[in-house]
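Down below is the structure, laid out as C-alpha coordinates.
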2 protein chains.
Amino acid sequence: MGISKIDKMHSLSKNQQIIFDLIDKSPEPLKAYTILFNVQKRGIKAPPQVYRALDKLVEMGKIHKIESRNAFIACHNSSCQVAKATAFSICEICEKVTEISSAGLSKYLTSFKDKDGMKYSKYNLEFFGLCKKCR
Amino acid sequence: MGISKIDKMHSLSKNQQIIFDLIDKSPEPLKAYTILFNVQKRGIKAPPQVYRALDKLVEMGKIHKIESRNAFIACHNSSCQVAKATAFSICEICEKVTEISSAGLSKYLTSFKDKDGMKYSKYNLEFFGLCKKCR
DNA sequence: CTTATAAATGTTATATTATTACATAGTGTT
DNA sequence: AACACTATGTAATAATATAACATTTATAAG
(Lines give C-alpha, C1' and ligand atoms only; values in the text may rest on other atoms or scores of the structure.)
Protein backbone atom coordinates (compact mmCIF):
# COMPACT_ATOMS: atom_id res chain seq x y z
CA MET A 1 0.00 0.00 0.00
CA GLY A 2 2.39 2.70 1.17
CA ILE A 3 1.49 6.33 0.96
CA SER A 4 -1.37 7.40 -1.28
CA LYS A 5 -0.99 10.19 -3.78
CA ILE A 6 -2.95 12.68 -1.72
CA ASP A 7 -1.12 11.79 1.47
CA LYS A 8 2.19 12.10 -0.31
CA MET A 9 1.28 15.52 -1.58
CA HIS A 10 0.86 16.68 1.98
CA SER A 11 3.75 14.80 3.46
CA LEU A 12 7.13 16.15 4.29
CA SER A 13 10.47 15.13 2.90
CA LYS A 14 13.03 13.58 5.22
CA ASN A 15 14.82 16.79 6.15
CA GLN A 16 11.60 18.73 6.35
CA GLN A 17 10.16 16.15 8.75
CA ILE A 18 13.24 16.11 10.98
CA ILE A 19 13.27 19.87 11.22
CA PHE A 20 9.53 20.22 11.65
CA ASP A 21 9.53 17.66 14.47
CA LEU A 22 12.20 19.58 16.30
CA ILE A 23 10.40 22.90 15.99
CA ASP A 24 7.05 21.36 16.83
CA LYS A 25 8.39 19.84 20.05
CA SER A 26 10.03 23.07 21.14
CA PRO A 27 8.25 25.30 23.64
CA GLU A 28 10.06 28.30 22.25
CA PRO A 29 10.98 29.65 18.81
CA LEU A 30 14.12 28.09 17.41
CA LYS A 31 16.83 29.83 15.43
CA ALA A 32 18.27 28.32 12.29
CA TYR A 33 21.66 27.53 13.76
CA THR A 34 20.14 26.11 16.92
CA ILE A 35 18.20 23.81 14.65
CA LEU A 36 21.32 22.96 12.69
CA PHE A 37 23.17 22.06 15.85
CA ASN A 38 20.31 19.88 17.04
CA VAL A 39 19.88 17.90 13.83
CA GLN A 40 23.50 17.22 13.04
CA LYS A 41 23.22 13.84 14.70
CA ARG A 42 20.46 13.07 12.21
CA GLY A 43 22.67 13.79 9.22
CA ILE A 44 21.84 17.39 8.44
CA LYS A 45 25.20 19.02 8.36
CA ALA A 46 25.06 22.35 6.58
CA PRO A 47 23.08 25.60 6.73
CA PRO A 48 21.48 25.32 3.28
CA GLN A 49 19.83 22.07 4.28
CA VAL A 50 18.23 23.81 7.23
CA TYR A 51 17.24 26.97 5.40
CA ARG A 52 15.76 25.04 2.48
CA ALA A 53 13.60 22.97 4.79
CA LEU A 54 12.58 26.08 6.73
CA ASP A 55 11.60 27.87 3.52
CA LYS A 56 9.39 25.01 2.43
CA LEU A 57 7.80 24.60 5.85
CA VAL A 58 7.01 28.31 5.94
CA GLU A 59 5.50 28.12 2.44
CA MET A 60 3.34 25.22 3.54
CA GLY A 61 2.24 27.08 6.65
CA LYS A 62 3.60 24.35 8.94
CA ILE A 63 5.84 26.84 10.69
CA HIS A 64 6.08 30.61 10.94
CA LYS A 65 9.05 32.91 11.13
CA ILE A 66 9.05 35.40 13.96
CA GLU A 67 10.67 38.21 12.02
CA SER A 68 11.74 40.32 14.95
CA ARG A 69 13.59 37.35 16.41
CA ASN A 70 14.84 35.47 13.38
CA ALA A 71 13.29 32.36 14.84
CA PHE A 72 10.72 29.77 13.89
CA ILE A 73 7.73 28.23 15.65
CA ALA A 74 5.27 25.56 14.61
CA CYS A 75 1.85 26.73 13.54
CA HIS A 76 -0.88 25.90 16.03
CA ASN A 77 -3.64 27.87 14.38
CA SER A 78 -6.52 26.00 12.76
CA SER A 79 -4.47 23.28 11.14
CA CYS A 80 -1.95 25.63 9.60
CA GLN A 81 -4.19 27.22 7.02
CA VAL A 82 -3.13 30.71 7.83
CA ALA A 83 0.39 31.18 6.57
CA LYS A 84 -0.81 34.43 5.04
CA ALA A 85 -2.34 35.99 8.09
CA THR A 86 -0.16 35.64 11.14
CA ALA A 87 -0.21 37.32 14.52
CA PHE A 88 1.96 36.72 17.54
CA SER A 89 2.47 37.99 21.04
CA ILE A 90 6.02 38.27 22.27
CA CYS A 91 7.10 38.77 25.87
CA GLU A 92 9.93 41.24 25.98
CA ILE A 93 11.37 39.69 29.13
CA CYS A 94 11.12 35.91 28.79
CA GLU A 95 10.77 35.94 25.01
CA LYS A 96 7.80 33.61 25.13
CA VAL A 97 5.98 33.70 21.82
CA THR A 98 2.35 32.74 21.31
CA GLU A 99 0.41 32.61 18.11
CA ILE A 100 -2.75 34.66 18.38
CA SER A 101 -5.85 33.19 16.86
CA SER A 102 -8.59 35.74 16.99
CA ALA A 103 -11.32 35.59 14.40
CA GLY A 104 -12.02 39.26 14.94
CA LEU A 105 -8.45 40.31 14.47
CA SER A 106 -7.88 38.23 11.36
CA LYS A 107 -11.14 39.39 9.86
CA TYR A 108 -10.25 43.01 10.55
CA LEU A 109 -6.79 42.73 9.05
CA THR A 110 -7.68 40.52 6.13
CA SER A 111 -10.27 43.02 5.00
CA PHE A 112 -8.20 46.08 5.84
CA LYS A 113 -7.85 48.57 3.00
CA ASP A 114 -5.44 51.48 3.02
CA LYS A 115 -6.18 55.05 2.01
CA ASP A 116 -5.94 54.19 -1.66
CA GLY A 117 -8.39 51.34 -1.22
CA MET A 118 -5.62 48.82 -1.59
CA LYS A 119 -6.10 45.38 -0.08
CA TYR A 120 -3.22 43.11 0.81
CA SER A 121 -2.75 39.41 0.24
CA LYS A 122 -0.77 38.75 3.37
CA TYR A 123 0.19 40.21 6.70
CA ASN A 124 2.32 39.57 9.73
CA LEU A 125 1.65 41.18 13.08
CA GLU A 126 3.84 41.05 16.16
CA PHE A 127 2.61 42.36 19.50
CA PHE A 128 5.09 43.09 22.28
CA GLY A 129 4.52 43.31 26.00
CA LEU A 130 4.94 41.33 29.18
CA CYS A 131 3.42 37.91 29.59
CA LYS A 132 1.46 36.91 32.69
CA LYS A 133 4.46 35.43 34.43
CA CYS A 134 6.70 38.39 33.78
CA ARG A 135 4.34 41.07 35.02
CA MET B 1 23.15 81.90 20.54
CA GLY B 2 23.50 78.34 19.46
CA ILE B 3 21.05 75.61 20.32
CA SER B 4 18.65 76.08 23.23
CA LYS B 5 18.27 73.47 25.92
CA ILE B 6 14.93 72.25 24.68
CA ASP B 7 16.09 72.11 21.11
CA LYS B 8 19.19 70.27 22.19
CA MET B 9 17.11 67.65 23.96
CA HIS B 10 15.45 66.84 20.71
CA SER B 11 18.49 67.13 18.52
CA LEU B 12 20.56 64.35 17.15
CA SER B 13 24.21 63.64 17.69
CA LYS B 14 26.58 63.97 14.78
CA ASN B 15 26.46 60.35 13.64
CA GLN B 16 22.74 60.12 14.29
CA GLN B 17 22.15 63.19 12.14
CA ILE B 18 24.30 61.95 9.28
CA ILE B 19 22.54 58.60 9.25
CA PHE B 20 19.07 60.03 9.73
CA ASP B 21 19.58 62.46 6.84
CA LEU B 22 20.59 59.63 4.56
CA ILE B 23 17.58 57.49 5.48
CA ASP B 24 15.22 60.43 5.34
CA LYS B 25 16.31 61.34 1.83
CA SER B 26 16.00 57.79 0.58
CA PRO B 27 12.86 56.77 -1.31
CA GLU B 28 13.38 53.20 -0.21
CA PRO B 29 14.34 51.38 3.00
CA LEU B 30 18.08 51.25 3.54
CA LYS B 31 20.07 48.37 4.94
CA ALA B 32 22.72 48.87 7.58
CA TYR B 33 25.64 48.09 5.34
CA THR B 34 24.27 50.23 2.53
CA ILE B 35 24.19 53.04 5.05
CA LEU B 36 27.70 52.25 6.19
CA PHE B 37 28.98 52.37 2.63
CA ASN B 38 27.26 55.70 2.02
CA VAL B 39 28.53 57.46 5.12
CA GLN B 40 32.13 56.35 5.03
CA LYS B 41 33.05 59.58 3.25
CA ARG B 42 31.62 61.38 6.26
CA GLY B 43 33.88 59.58 8.71
CA ILE B 44 31.69 56.73 9.88
CA LYS B 45 33.86 53.73 9.28
CA ALA B 46 32.61 50.73 11.22
CA PRO B 47 29.38 48.77 11.71
CA PRO B 48 28.94 49.55 15.42
CA GLN B 49 28.78 53.25 14.65
CA VAL B 50 25.93 52.60 12.24
CA TYR B 51 24.06 50.15 14.44
CA ARG B 52 24.32 52.39 17.48
CA ALA B 53 22.89 55.35 15.63
CA LEU B 54 20.15 53.16 14.16
CA ASP B 55 19.22 51.84 17.60
CA LYS B 56 18.88 55.34 19.01
CA LEU B 57 16.91 56.61 16.02
CA VAL B 58 14.53 53.67 16.33
CA GLU B 59 14.14 54.36 20.07
CA MET B 60 13.33 57.97 19.33
CA GLY B 61 10.83 56.98 16.67
CA LYS B 62 12.71 58.92 13.99
CA ILE B 63 13.09 55.78 11.90
CA HIS B 64 11.52 52.34 11.84
CA LYS B 65 12.98 48.95 11.10
CA ILE B 66 11.20 46.89 8.49
CA GLU B 67 11.75 43.55 10.18
CA SER B 68 11.02 41.35 7.20
CA ARG B 69 13.62 43.22 5.16
CA ASN B 70 16.26 44.16 7.72
CA ALA B 71 16.01 47.70 6.49
CA PHE B 72 15.21 51.13 7.84
CA ILE B 73 12.92 53.95 6.75
CA ALA B 74 12.28 57.40 8.17
CA CYS B 75 9.05 57.87 10.08
CA HIS B 76 6.50 59.99 8.27
CA ASN B 77 3.65 59.42 10.63
CA SER B 78 2.40 62.31 12.79
CA SER B 79 5.81 63.69 13.71
CA CYS B 80 7.27 60.37 14.74
CA GLN B 81 5.21 59.86 17.88
CA VAL B 82 4.32 56.31 17.08
CA ALA B 83 7.41 54.19 17.48
CA LYS B 84 5.26 51.77 19.43
CA ALA B 85 2.53 51.25 16.90
CA THR B 86 3.85 50.74 13.41
CA ALA B 87 2.23 49.46 10.23
CA PHE B 88 3.67 49.17 6.76
CA SER B 89 2.69 48.00 3.33
CA ILE B 90 5.33 46.21 1.32
CA CYS B 91 5.17 45.49 -2.39
CA GLU B 92 6.44 42.00 -3.04
CA ILE B 93 7.65 42.91 -6.51
CA CYS B 94 9.26 46.35 -6.36
CA GLU B 95 9.82 46.26 -2.59
CA LYS B 96 8.31 49.69 -2.15
CA VAL B 97 7.48 50.25 1.50
CA THR B 98 4.93 52.73 2.78
CA GLU B 99 4.07 53.57 6.34
CA ILE B 100 0.37 53.21 6.94
CA SER B 101 -1.27 55.84 9.05
CA SER B 102 -4.81 54.83 9.73
CA ALA B 103 -6.47 56.06 12.87
CA GLY B 104 -8.89 53.15 12.72
CA LEU B 105 -6.17 50.57 12.41
CA SER B 106 -4.02 51.97 15.17
CA LYS B 107 -6.99 52.35 17.45
CA TYR B 108 -8.04 48.78 16.77
CA LEU B 109 -4.58 47.35 17.41
CA THR B 110 -3.65 49.56 20.34
CA SER B 111 -6.75 48.45 22.17
CA PHE B 112 -6.59 44.84 21.06
CA LYS B 113 -6.76 42.30 23.87
CA ASP B 114 -6.01 38.62 23.46
CA LYS B 115 -8.04 35.72 24.81
CA ASP B 116 -6.58 36.17 28.27
CA GLY B 117 -7.49 39.83 28.25
CA MET B 118 -3.89 40.80 27.82
CA LYS B 119 -3.08 44.16 26.24
CA TYR B 120 0.22 44.91 24.59
CA SER B 121 2.44 47.93 24.81
CA LYS B 122 3.71 47.82 21.27
CA TYR B 123 3.10 46.24 17.89
CA ASN B 124 4.50 46.04 14.42
CA LEU B 125 2.40 45.08 11.42
CA GLU B 126 3.62 44.39 7.91
CA PHE B 127 1.19 43.96 5.03
CA PHE B 128 2.32 42.35 1.78
CA GLY B 129 0.88 42.64 -1.67
CA LEU B 130 1.38 44.38 -4.96
CA CYS B 131 1.54 48.14 -5.20
CA LYS B 132 -0.41 50.11 -7.80
CA LYS B 133 2.43 50.16 -10.29
CA CYS B 134 3.15 46.47 -10.03
CA ARG B 135 -0.40 45.26 -10.50
C1' DC C 1 34.44 76.45 36.41
C1' DT C 2 35.32 72.02 37.82
C1' DT C 3 33.96 67.72 38.83
C1' DA C 4 30.96 63.86 38.29
C1' DT C 5 28.01 61.36 35.26
C1' DA C 6 26.06 59.92 31.25
C1' DA C 7 26.01 59.72 26.27
C1' DA C 8 28.33 59.21 22.17
C1' DT C 9 32.32 57.89 19.48
C1' DG C 10 36.29 55.17 17.47
C1' DT C 11 38.29 50.72 16.64
C1' DT C 12 39.32 45.82 16.25
C1' DA C 13 37.65 41.59 16.26
C1' DT C 14 34.17 38.24 16.07
C1' DA C 15 29.47 36.22 16.26
C1' DT C 16 25.25 35.29 13.93
C1' DT C 17 22.22 34.79 10.07
C1' DA C 18 21.64 33.60 5.30
C1' DT C 19 22.77 32.62 0.36
C1' DT C 20 25.34 31.14 -3.98
C1' DA C 21 26.84 27.69 -6.71
C1' DC C 22 27.31 23.34 -8.28
C1' DA C 23 27.12 18.27 -8.08
C1' DT C 24 24.16 14.28 -7.03
C1' DA C 25 20.10 11.56 -5.90
C1' DG C 26 15.33 10.57 -5.51
C1' DT C 27 10.26 10.86 -7.14
C1' DG C 28 6.43 11.04 -10.15
C1' DT C 29 4.79 11.03 -14.89
C1' DT C 30 4.48 9.70 -19.60
C1' DA D 1 13.40 4.40 -20.29
C1' DA D 2 13.21 9.32 -20.62
C1' DC D 3 11.86 13.47 -18.74
C1' DA D 4 10.91 16.99 -15.48
C1' DC D 5 10.76 18.25 -10.91
C1' DT D 6 11.94 18.21 -6.13
C1' DA D 7 15.05 17.35 -2.68
C1' DT D 8 19.70 16.56 -1.00
C1' DG D 9 24.84 17.12 -0.03
C1' DT D 10 28.77 20.09 0.24
C1' DA D 11 32.03 23.96 0.23
C1' DA D 12 32.58 28.49 0.19
C1' DT D 13 31.18 33.04 1.12
C1' DA D 14 27.98 36.98 1.76
C1' DA D 15 25.20 39.74 4.70
C1' DT D 16 23.69 41.14 9.20
C1' DA D 17 24.81 42.23 13.92
C1' DT D 18 27.28 42.43 18.43
C1' DA D 19 31.13 42.27 22.09
C1' DA D 20 34.63 44.52 24.24
C1' DC D 21 37.40 48.17 25.38
C1' DA D 22 39.55 52.78 25.00
C1' DT D 23 38.54 57.57 24.39
C1' DT D 24 36.03 61.81 23.80
C1' DT D 25 32.16 64.90 24.17
C1' DA D 26 28.03 66.70 26.31
C1' DT D 27 25.11 67.62 30.43
C1' DA D 28 24.05 68.62 35.02
C1' DA D 29 25.30 69.65 39.83
C1' DG D 30 28.01 71.59 43.24
Side-chain angles (χ1 to χ4, degrees), chain A residues 1-23 28-60 62-73 95 97, chain B residues 1-23 28-60 62-73 95 97:
Chain A
M1 269 193 64
I3 302 173
S4 82
K5 199 186 276 183
I6 294 272
D7 286 346
K8 190 64 188 173
M9 282 173 62
H10 292 285
S11 76
L12 303 178
S13 75
K14 179 171 134 281
N15 288 358
Q16 287 161 11
Q17 189 69 58
I18 290 169
I19 287 172
F20 175 72
D21 287 345
L22 183 68
I23 295 170
E28 62 193 4
L30 294 179
K31 294 180 162 249
Y33 276 73
T34 303
I35 293 167
L36 176 57
F37 180 80
N38 276 281
V39 297
Q40 279 180 333
K41 46 177 156 313
R42 307 209 48 191
I44 296 174
K45 291 174 190 165
Q49 296 173 290
V50 173
Y51 282 101
R52 282 192 295 231
L54 290 173
D55 286 349
K56 290 293 180 186
L57 291 167
V58 167
E59 258 179 38
M60 295 175 199
K62 300 285 292 179
I63 64 172
H64 303 303
K65 182 173 188 180
I66 309 302
E67 293 287 356
S68 65
R69 299 297 186 263
N70 299 315
F72 299 85
I73 65 172
E95 294 290 326
V97 174
Chain B
M1 267 198 67
I3 302 172
S4 81
K5 200 186 274 182
I6 293 273
D7 286 346
K8 192 64 188 173
M9 281 173 62
H10 292 284
S11 76
L12 303 178
S13 75
K14 178 171 136 278
N15 288 359
Q16 288 161 12
Q17 190 68 57
I18 291 168
I19 287 171
F20 175 73
D21 287 346
L22 183 69
I23 296 171
E28 61 193 3
L30 294 179
K31 293 178 165 253
Y33 276 74
T34 303
I35 293 167
L36 176 56
F37 180 80
N38 277 281
V39 296
Q40 278 179 335
K41 46 177 155 314
R42 308 208 48 191
I44 295 174
K45 292 175 189 164
Q49 296 175 289
V50 173
Y51 282 101
R52 283 192 293 229
L54 290 173
D55 286 349
K56 289 293 178 184
L57 291 168
V58 167
E59 258 179 39
M60 295 176 200
K62 300 285 291 180
I63 65 172
H64 302 303
K65 182 172 188 181
I66 310 302
E67 293 287 356
S68 66
R69 300 299 186 261
N70 298 317
F72 299 84
I73 65 172
E95 293 290 327
V97 174

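Just so it is clear, the structure is predicted and the values come from calculations on it, not from any experiment. Every chain is numbered from 1, with letters handed out A, B, ... down the list of sequences.
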If each of B:Lys14 and B:Asn70 is mapped to the nucleotide of DNA chain C with the nearest heavy atom, which maps nearer the 5' terminus, i.e. the 5' end? B:Lys14
Let me spell it out: for each of A:Ala32 and B:Arg52, pick the nucleotide of DNA chain C with the closest heavy atom. Which residue's pick is nearer the 5' end? B:Arg52
Give the rounded distance in Å between these two atoms: [atom1] of [X] and [atom2] of [N].
{"X": "A:Leu30", "N": "C:dT17", "atom1": "CG", "atom2": "C1'", "answer": "15 Å"}
{"X": "A:Glu67", "N": "C:dT17", "atom1": "CD", "atom2": "C1'", "answer": "12 Å"}
{"X": "B:Arg69", "N": "D:dA17", "atom1": "CZ", "atom2": "P", "answer": "14 Å"}
{"X": "A:Leu12", "N": "D:dT8", "atom1": "CG", "atom2": "C1'", "answer": "15 Å"}
{"X": "A:Leu36", "N": "D:dT10", "atom1": "CG", "atom2": "C1'", "answer": "13 Å"}
{"X": "A:Ile66", "N": "C:dT17", "atom1": "CD1", "atom2": "P", "answer": "15 Å"}
{"X": "A:Asp55", "N": "C:dT19", "atom1": "CG", "atom2": "P", "answer": "7 Å"}
{"X": "A:Lys56", "N": "C:dT19", "atom1": "NZ", "atom2": "P", "answer": "14 Å"}

Rounded to the nearest 0.5 Å, what separation is found between the [atom1] atom of [X] and the [atom2] atom of [Y]?
{"X": "B:Ile44", "Y": "B:Lys14", "atom1": "CD1", "atom2": "NZ", "value": "6.5 Å"}
{"X": "B:Ile19", "Y": "B:Leu12", "atom1": "CD1", "atom2": "CG", "value": "10.5 Å"}
{"X": "B:Ile18", "Y": "B:Asn38", "atom1": "CD1", "atom2": "CG", "value": "12.0 Å"}

Which of the following nucleotides, [options], is nearest to the side chain of [X]?
{"X": "A:Tyr51", "options": "C:dT17, D:dT10, D:dT18", "value": "C:dT17"}
{"X": "B:Lys31", "options": "C:dT11, C:dA8, D:dT16", "value": "D:dT16"}
{"X": "B:Ser13", "options": "C:dT19, C:dA8, D:dA17", "value": "C:dA8"}

How far apart are the closest heavy atoms of A:Ile73 and A:Glu28, and which atoms are they?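 Smallest heavy-atom distance, with atoms named: CG2-C, 4.5 Å.
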Determine the minimum heavy-atom distance between B:Ala32 and B:Leu54, stating which atoms define it.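 Scanning both residues, the minimum pair turns out to be CB-CD1, 4.1 Å.
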Quick one: the side chain of A:Tyr33 and the base of C:dA18, do they pair up donor-acceptor inside 3.5 Å? yes
Contact nearer the 5' end of DNA chain D, comparing B:Pro47 with A:Ala53: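 First, find each residue's nearest nucleotide; the 5'-ward one identifies A:Ala53.
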Tell me whether the OP1 or OP2 atom of D:dG9 has a side-chain N or O from A:Gln49 closer than 4.0 Å.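 So the side chain of A:Gln49 is within the cut-off, an N or O lying under 4.0 Å from OP1 or OP2 of D:dG9.
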